[in-house]
Every structure is written in C-alpha cells, then in structure tokens.
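Throughout, protein chains are lettered first and strands after them, A, B, ... in sequence-line order, and every chain is numbered starting at 1. Here the structure is a predicted model, which is why all the values come from computation and not from measurement.
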Amino acid sequence: MDAKPKAIQTTKKEEPKPMKDLSYNPGAIEKKWQAKWEADKLYRSVIDERRKKHYALTMLPYPSGDLHIGHWYAMTPSDARARFKRMQGYNVLFPMGFDAFGLPAEGAAIKNNIHPKIWTYQNIERMRAQMRTMGAMFDWEREAVSADPEYYKWTEWFFIQLYKHGLAYRKKATVDWCPKDNTTLAREQVKGDDRVCDRCGTPVIKKELEQWFFKATKYADELLRFDGIDWPEFIKVSQTNWIGRSEGASVIFKTVPSGDDKAGDPIEIFTTRPDTLWGATFMVMSPEHPLVEKITTPEHAQAVREYKAQAEKQTDIQREAKDKEKTGVFTGGYAINPVNEERIPIWVADYVLMSYGTGAIMAVPAHDERDFEFARKFGLKVIPVIQPVGASHDSPLQGDTMTEAYPHEGVMINSGQFNGTPATNDKGMANPAIKAVTDWLEQKGIGKRDVNYRYRDWLISRQRFWGAPIPMVYCETHGWNPVPDDQLPVLLPDDIDEWKPTGESPLKFHPTWKNTTCPVCHGPATRETDTMDTFMCSSWYHLRYLSPQYDKGPFDEQEYNYWMPVDTYTGGSEHATMHLLYTRFFHKALRDMGITEGNEPVMQLRNQGMVLAEDNTKMSKSRGNVVAPDVLVKKYGADTVRAYLMFFARWQQGAPWDSQGIEGSARWIRRVWTLFTDPQIASDSAGAASEETRRNLRRKVHQTLKRVTRDFENFEFNTIISSLMELMNEMYKAREAGAVGTDEWKEAQEIYLKMMAPVAPHIAEELWTEHFGKPYSIHQQMWSSVDEAAAKDDVIEIPVQINGKVRDRISVAADAGEDEVKAAVMASEVIQKHLEGKEPKKVIVVKGKLVSLVV
RNA sequence: GCCGAAGUGGCGGAAUAGGCAGACGCGCACGACUCAAAAUCGUGUUCCCUACGGGAAUGAGGGUUCGAUUCCCUCCUUCGGCACCA
C-alpha cells in the first residue's frame, strides 16, 4: 500500500484543525507547571499525624544578588531526594529562606549609598524569582528571612535566654580583628596558616576588647560525641580536631621564696605527660603570665621586662612560626619539683602560650622536642625518664649526649618507685605510666586528673550595622541588663546615613538610637551598639521554618514536635567547624534551657562538592569563568540543568563544569520526550513483540527501579541518571522489537516517568498528565515497588576462568545447579582447547557469578 | 608532624556483600541523512603486539586468595582539618 497519497489527502481535509505541537519546548512546559503547582499549593507541607514525616533541609543562601550554579548544585539534587522521599509516602518538609544579615550589604551601602535593608530585600526578591525556575518543591509559605524583625526578634530573645542562663557573658579578651571588615571575629572564622579572615581573606590582628561570648566550651565534651547521628567522617574529625581535647594532669609547683613579698607562689601547670614529671628540669612561663613579675628577681627584672615588651610587639604569626628559633630569658626564680623536691629554674619564653592550659609548663627536655631545643640552646639540664625498650643495654639515653628528644614508648627510669613501669604510646589514662603516676599524684594531693581543650567560647560581638542587635542595655548604676521581652525586638534604624567603617558599629553614631532607659531603675542608659555574628541567626533557622509567622515564641511547639529533628541536611562542607558546630552547640544549650528536645538537631548530614570552572579553578567574577544558571535554563530548560548537575560528577565530590557535557543530558531529556510522544512509534509494528522481548523489558524496568531506589537513598545521583539512560536505550530497542502497546510497555512508561519525576519534574508531569492522561499530579503518585521475581535474570552469561584468566563465557540458567554448570563448562570447545586434555585440579563454581578452574 | 578522605581510559565517572574492570555520558573517528552545515540516527573508541589471536593494566611495591579496584602491610601523590596546644 502506498501511504503518500493518503497522507496528502489527510492534510488537505483536516487543515483547519491545528496540529498538536509535538516538539519538546521546555520553556513553555516549565512555566506552565510551575504556575499550576503554585496555584494548587502542591508543595504545601502541613502536619499530618497519620503520616511519617521527613524534614529535608538544605543550607539557606546569603542573598548576594544572583543565584549561581553552586546554589543549583546544592539545591536541586537535595530537592530531587526530597521529592523521592515524598513519593515514598513521607510527609516531606523542604523549606527555603535567606541568611539575610551580613557584611556585603554594608559594602553595597558604602559603595552605592543605599540602605543595606533595601539592597538585601531587592536581592532576595530577585533570587526568589530565580529559585522558582528550578522547579523545586520549596514550601514558600514557610520561608524565613533572618533580617525580618519577626525573625530577629527571636534571635535577640535567644540571646537573652542564654544570658539569663549564664551562657552569654561579657569579658575583656585578646580577640581576632579583621582590619578590612572592621570587626572582631570568632576563632572559627580565622583560617589557615596565615590566619586570615574567613570572609575576605585579610590577615587578622589581635585587639584587646570587651566583647560578648557564648559559653560553648561548656559543651566541649558533649560536642565530641556523635552518637546516633549519621554525619560524614571528615566533618566529625574536623570538629574533633577543632575541639582538641587532651587528657592529662594539672600539677602545682611551689616556687622558692627569695624575697620579702615572693613567699612561694604556687604555679599550676597542665601536662599530658605526668609520667615524665621526674624529668622536669625547668619551668617556662608565657610572657603574659600574671606571676612573671613576682617571680622575677631584681637582677633579672630588666631582661624580663625587655623580653616581655618584644613578645608583645610580635604578631601571632611571628610568634607561632614553627621554624622560629626558641627565645627566652631566665627570671632568677626557682620552683620545687613536687615529685623529687629538686630546685628547678623558671624561665620566660614565648613558645608557651597564655591562651592554652595555665600559661605555664613544666619542661621535660628529654621527652619533648620544644623543651629539648630550648634546653640545648640555654644549657639546661636534660634527664631522661623513659628508656626505650631494648636500647637500654647497647645505647641507653643519656641527658648529655642525646641529640633529640625521645617522645615515644619505653620504660620509666629515674622516677623513684615508678621505675620499670611501661610507658606506651597511648594518650591519656590508657597509658599505664600516665595512669599510675596520676593516681599517685591525686593520692599525695600534688596534682589531679585534668582535661584541656583547644576550643574557646564563641565570640559573637560584631562592630557592624547589618546584624541582629545585641539586646543589652548599660546603666551606670545597674550595669548590663537585658532589654525586657515586651520591648523586643530592638529594631535597627532606617535613618542611618554614615556607613564608613570606623571599627565601631555605625549604630554608635546614630544620634538617638543608643539612648534608652535602664530596665531596672528607668534612668538614662545606653544600648549595646554591636550586633550579633550572623552565624547566630543561622544556628536556629531550621526552627523558624517550622512556623515563620508564629509570634508567641520562636516556633510553634506543635510544629516542633511533629517535624524535628531535621532528617537530612545538605550543604557545603566549608561550614564543618563553623555553622555545623555552632548549630549543634545552640541546640544543646536550648535543650538545657528547656526550649528544645533531643541531643542533636540534625540526624543525617551530607555535603555536596564544588562545581569548578571549566579551567579547573574556582569560579569567580574576577576570573570571568562563572557559569550562569539563568542562561542555561533559557537554553536547555531547568529539567536538563537539574539532570546534568546530578549526572556530571559524584555529588559529594564535585568536578569541573563541562559546557559540552550538558548536551548529553539535554539529549537524554529530548530522547525520552521523543520515545514517549513520537506518533510513529504507536503505529510501527506495535504489539508484535515476542514473549521474550516483553519479559526482558519488564526485567530491565524492575532492575532499574531497584537501583534507582537504592541510589536515591544513598545520595548517588549520577548513577540514577545513568540507569535511566540505560533503560531508555533498552526501551528504544524494545520499541524496534514491537513492544509498544503491550502491558509491559505501559508499565515501563509509567515507572519510567515516576523515576524521572524527582529529577526532571516538569517533563515528567507533562508526559504523565498531558500525553498519557494520567491523574494529576505525578508528584503525588506513590513510588513503584520492585517486583523481585520480574527483576530476576533467568539466563545468565558467566565467565569461565582458567588460572584466574577469563577464557570463555557460557550461558546457563540463573538457577542452574553446580553439576549443570560444570557440564556446560566442560562442553565448551574453547575451554577444552585451553585445558589441553588436562584434568582441572580444582573447580570453583560461584553460583550466578562465575566458574574458576585451576590446573 | 598528627588525624581524615581520595587516586580507575583523552575527560566526568561505573563496578554498593572478594567474582566479566571501564556501565552511562562527554570528546574523538567513521558512516547514513543533507547541495552543505547544524541537528538527528548508526558503528567504533583503555593501552601494547607479529592483531578473527595474545599480552598488560584500577597511584607504586609486597601479602592473603582459585580469584583483589574491593581485604592486609609499606610507600608516593592530591585534597581537607589541626599544629611551639605542653
């Protein structure tokens, strides 16, 4: 039959009827569905006690102005997983908001003379619109913006709660100061060897200032425990390193009285090696140690004064440089080693830091590299007290001839009744020598078990405008008092016009803002003009999402009880020791104040990697290598951008962008479209498929479903896409074999679209609803379950190895018994050829996997 | 120096209970369609050799095993955390 005349005839007759547009037009489809989903409140999450909840959280962005590809990389795979969870039947909460306080807004204020609030809210509006193009299932009714007064009212309230519970306090301290951002920083926000500001990369300097702190160190031990939470190993390790717990003992050394007013002040030291006490041949104090002056004898006063002065002048980087030669001066004073009554000299040296331990140490040169270097330079005594095992006969350690310290395991010597006790490389009380000596010290009352941390309290004062005000008031007579709750929030003024950074908060220079009355006596008082670290705002945003309009408290308890804790949290790993540590501290502090429950806010944490530029460097505006998602969405559609971001790298690792690579994902989306919409397919040899074709199709579908389900669970997005591509390729082949129209084909289509829905929500909806006429919405469908029987292979091809080398492949029934398989192997000509008539010594049959012959 | 993660084709990567290394995609090559190009479709693509066959290969070396990308030991490289922290 000739089809051509017929076709011409049809066209003529049916001309008035417009042809359905069958080409894939992502721009139109995506806009259409985004509008409908929003109008229908498809992604509104409300408490439903009958269903299991799933709180999926992704880190909220700073409204810097434009959504970049990194935001997409963080958010769209997280969205896909949240969608998957939803299809699995969970009641999913997936909120979004803005971390809206922060420095760049002030930078813009200075540059463009625009109020930070205006700049910030303009950016938020722009980014919201950009985010809508992602087609994510954000519940916008739960949006929270940390710069909204309704939000920061509660940030202030939390501060007051912490203050009232003794967890917020003010003290004068040597603090880190960024000279570019003109503000103090928390220790976590100073990074790297060169101690630079985390935000701007400028090296920080030290300043002596009175600031507000949160008592995070109270939770040091608890923060080291990660019980019951599924967090990446390296985040836990980073936090553990940061907290830096070391176990040891504190010991009190009495000083030798040598003048009228120096009647033997005791000096406390901390050591992790109390087992080496007998080897302590001198003491070293930090130049800042308060007892230095008292201990120093008149003859040494001049030298000590000079040394202190030069130490003060040096920066931390100079002082803490590891290759720096040791310096120090003798004070003229002596201490008594409490374990053997030896008189030992007391020195001052800057290698001992006032900020750690007690600012004074016992020096054991034989077993500590730093002390050894110091002792050799200044000719101080070296007494070994740990002898390496085995070395004792031929070359025992000797104080005079040692060339380096011996900080390793051995046996105690020169240590009285402890001689012979084995000292291992174990730290703390796991070391028998340390344990024995510490127990003895406690018995004798000389010292006690002690623990020291690197971790410091969180400095939260910032000398900046655009942050939540610290709600404290100072009165000459009543000191510091919190602003009464009914006066919260302390609002930021709109009428500010001087932004120049001066090193003090712009609020200080506002003519009236700081003037208020004392909450106690109602007399004149002044407000704190510093604002809070923005990490304070982000420590609790996951709670504000629960009820952003709630005004009786920071959150609605009912919402809390249903949704918390966060089930999965996704975001960048650069926050390992900042936000992710602060938020844990915050939750524990709130728990102790009776505000939250449970020990941890976040159960499962996963970090995405970074999308690098095509030249393998970090994307930056100055390099001009930034990939703009808006342009990509316009060219390919959001579904393709989403798919490519999930496909192009291991999500938790990241990779350089590849502008050609995205074509592969675009092709996949288009080929799916064609496969499901091409009218030719429906007519071509439909229904003629053999039993085998249909069985194979169904098997592939269920095998894919199994893998995709598993990979979604494990955040392995790249293999989800490749499995879907593979199945699509199979379906094209099945189409050629006439599978279209069969029950297996229909099932394949349905499962395919459901698997695709979390990845590419728009095209999946369009095909599901418009082309197959299935009930709207695909995003409210249940995830299909795997038919294990269908997924099972019935005939498998297995390799046959001879001495570990694959020589042939044979086809056997999947459930074939060992004898059957063996027979099939022996029947192979190739195998017989390789055996050369020999009988295999051993035949290993691994069911369903392979056969291995040993000759 | 201590702690952690990772090293697989030209590239991103797959192989998730020790069992066919290189799935899927990019790129490249060839072919079909086209006047031509793009798009699309098809075929091939780890390396080496005397090439319908054979050998080597998952950072390097060793070990366990019939069999190791996978487990164990030593080392190298890259990335991240800590570091004069007593």
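Using modelled atom types and a 3.5 Å distance limit, the side chains of A:Thr617 and A:Asn625 yield a donor-acceptor pair. Side-chain N/O atoms of A:Gln189 and A:Asp198 include no donor and acceptor closer than 3.5 Å. If you check the side chains of A:Asp371 and A:Tyr351, you find a donor sitting under 3.5 Å from an acceptor. A donor-acceptor pair shorter than 3.5 Å cannot be found between the side chains of A:Asn431 and A:Arg273. Using a 3.5 Å distance cut-off with no hydrogens or angles, the side chains of A:Thr570 and A:Gln608 do not pair a donor with an acceptor. For the residue pair A:Thr640 / A:Tyr24, no side-chain donor-acceptor distance below 3.5 Å is found, with atom types taken as modelled. For A:Asp457 and A:Thr217, the side-chain atoms include at least one donor-acceptor pair closer than 3.5 Å.
In terms of phosphate contacts, A:Gln653 brings a side-chain nitrogen or oxygen within less than 4.0 Å of OP1 or OP2 of B:rG13. OP1 or OP2 of B:rU40 lies within a sub-4.0 Å distance of a side-chain N or O belonging to A:Arg670. For A:Arg650, no side-chain nitrogen or oxygen approaches OP1 or OP2 of B:rA6 to under 4.0 Å. Phosphate contact (OP1/OP2 of B:rU40, side-chain N/O of A:Arg667, threshold under 4.0 Å): present. For the pair A:Asn241 and B:rA83, the criterion of a side-chain N or O lying under 4.0 Å from OP1 or OP2 is not met.
Of all the heavy atoms in A:Leu853 and A:Pro840, the pair that sits closest is CB-CB, 4.4 Å. The shortest heavy-atom contact between A:Phe253 and A:Met362 is CZ-CB, 3.8 Å.
A heavy atom closer than 4.0 Å to some atom of RNA chain B occurs in no member of residues 699-709 of chain A.
To the nearest angstrom, P of B:rG80 lies 11 Å from CG of A:Leu612. What separates CG of A:Leu645 from P of B:rG13 is a distance of 14 Å, to the nearest Å. Summarising the geometry, the separation between CG on A:Asn616 and C1' on B:rU78 is reported as 12 Å, rounded to the nearest angstrom. Whole-Å rounding puts the A:Trp657 CH2 to B:rC26 P distance at 14 Å. Between the CZ atom of A:Arg606 and the C1' atom of B:rA5 there is a distance of 14 Å, rounded to whole Å. Regarding A:Arg671, its CZ atom lies at a distance of 10 Å from the P atom of B:rC26, rounded to whole Å. Regarding A:Glu614, its CD atom lies at a distance of 20 Å from the P atom of B:rG10, rounded to whole Å. Rounding to whole angstrom units, NZ of residue A:Lys635 and P of B:rA39 are separated by 10 Å.
Along RNA chain B, the nucleotide nearest A:Met362 and the nucleotide nearest A:Val851 are compared for position; the residue whose nucleotide lies closer to the 5' end is A:Val851. Between A:Thr327 and A:Gln239, the one whose closest nucleotide on RNA chain B sits nearer the 5' end is A:Gln239.
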Letter per nucleotide, 5' to 3', of nucleotides 46-67 of chain B [B base touched, S only sugar-phosphate touched, - untouched; heavy atoms, 4.0 Å]: --------SSS---------B-
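Here B:rC84 is the nucleotide among B:rC3, B:rC84, B:rG13 with the atom lying nearest to any side-chain atom of A:Tyr351. In this structure, the nucleotide among B:rA23, B:rA83, B:rA21 sitting nearest to the side chain of A:Val806 is B:rA21. Side-chain atoms of A:Thr719 lie closest to B:rA14 of the nucleotides B:rC26, B:rA14, B:rC24. The side chain of A:Arg370 sits closest to B:rC85 out of B:rC26, B:rG25, B:rC85. In the set B:rC24, B:rA15, B:rG13, the nucleotide with an atom closest to the side chain of A:Arg710 is B:rA15.
Considering A:Trp72, A:Trp657, A:Tyr636 in turn, A:Trp657 is the only one that fulfils the side-chain contact (heavy atoms from CB on, under 4.5 Å) rule with A:Tyr644. Screening A:Asn696, A:Val786, A:Leu727 for a side-chain contact (heavy atoms from CB on, under 4.5 Å) involving A:Val701 leaves a single residue, A:Leu727.
Going from the C1' atom of B:rU40 to that of B:rU77 covers 44 Å, rounded to whole Å. As rounded to the nearest Å, B:rG10 and B:rG4 have C1' atoms that lie 31 Å from one another. Between the P atoms of B:rU70 and B:rA60, the separation comes to 11 Å (whole Å). B:rG59 and B:rG13 have their P atoms separated by 14 Å, with the value rounded to a whole Å. Annotation: B:rC79 and B:rU8 have their P atoms spaced 15 Å apart (nearest Å). Spacing of C1' atoms, B:rA68 relative to B:rG62, comes out at 13 Å, to the nearest Å. Taking the P atoms as reference points, B:rG67 lies 15 Å from B:rG19, given to the whole Å. To the nearest whole angstrom, the two C1' atoms, one in B:rC26 and one in B:rA14, are 15 Å apart.
Across all strands shown, A:Gly328 has no heavy atoms under 4.0 Å from either base or sugar-phosphate atoms. Using a 4.0 Å heavy-atom criterion, one finds that A:Phe234 contacts the sugar-phosphate atoms exclusively. Heavy atoms of A:Asp368 sit nowhere under 4.0 angstrom from any nucleic acid atom. Counting any heavy atom pair closer than 4.0 Å across all strands shown, A:Gly661 reaches sugar-phosphate atoms only and no base atom. Residue A:Ser722 is in base contact, counting any heavy-atom pair closer than 4.0 Å across all strands shown. The residue A:Ser246 sits close only to the backbone: its heavy atoms come under 4.0 Å of sugar-phosphate atoms, none of a base. Using a 4.0 Å heavy-atom criterion, one finds that A:Trp668 contacts no nucleic acid atom at all.
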Intermediate values then yes/no, salt bridge (Lys or Arg N to Asp or Glu O under 4.0 Å), A:Arg456 and A:Glu188: CA-CA 9 Å; A:Arg456 291 285 162 267; A:Glu188 289 82 7; over 6 Å; no
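Using a 4.5 Å heavy-atom threshold, the side chains of A:Gln703 and A:Arg699 count as touching. A:Asn425 has its side chain within reach of A:His408: a pair of non-hydrogen atoms, C-beta onward, lies under 4.5 Å apart.
Ring orientation note: the planes of A:Trp668 and A:Tyr752 are tilted relative to one another, at an angle of 30° to 60°.
Base orientation for B:rG9: syn, the chi torsion being within 90° of 0.
Taking a pair as Watson-Crick or G-U wobble with both distances under 3.5 Å, the runs of three or more consecutive pairs in RNA chain B are B:1-7 with B:76-82, B:10-12 with B:24-26, B:27-32 with B:40-45, B:46-49 with B:53-56, B:59-63 with B:71-75.
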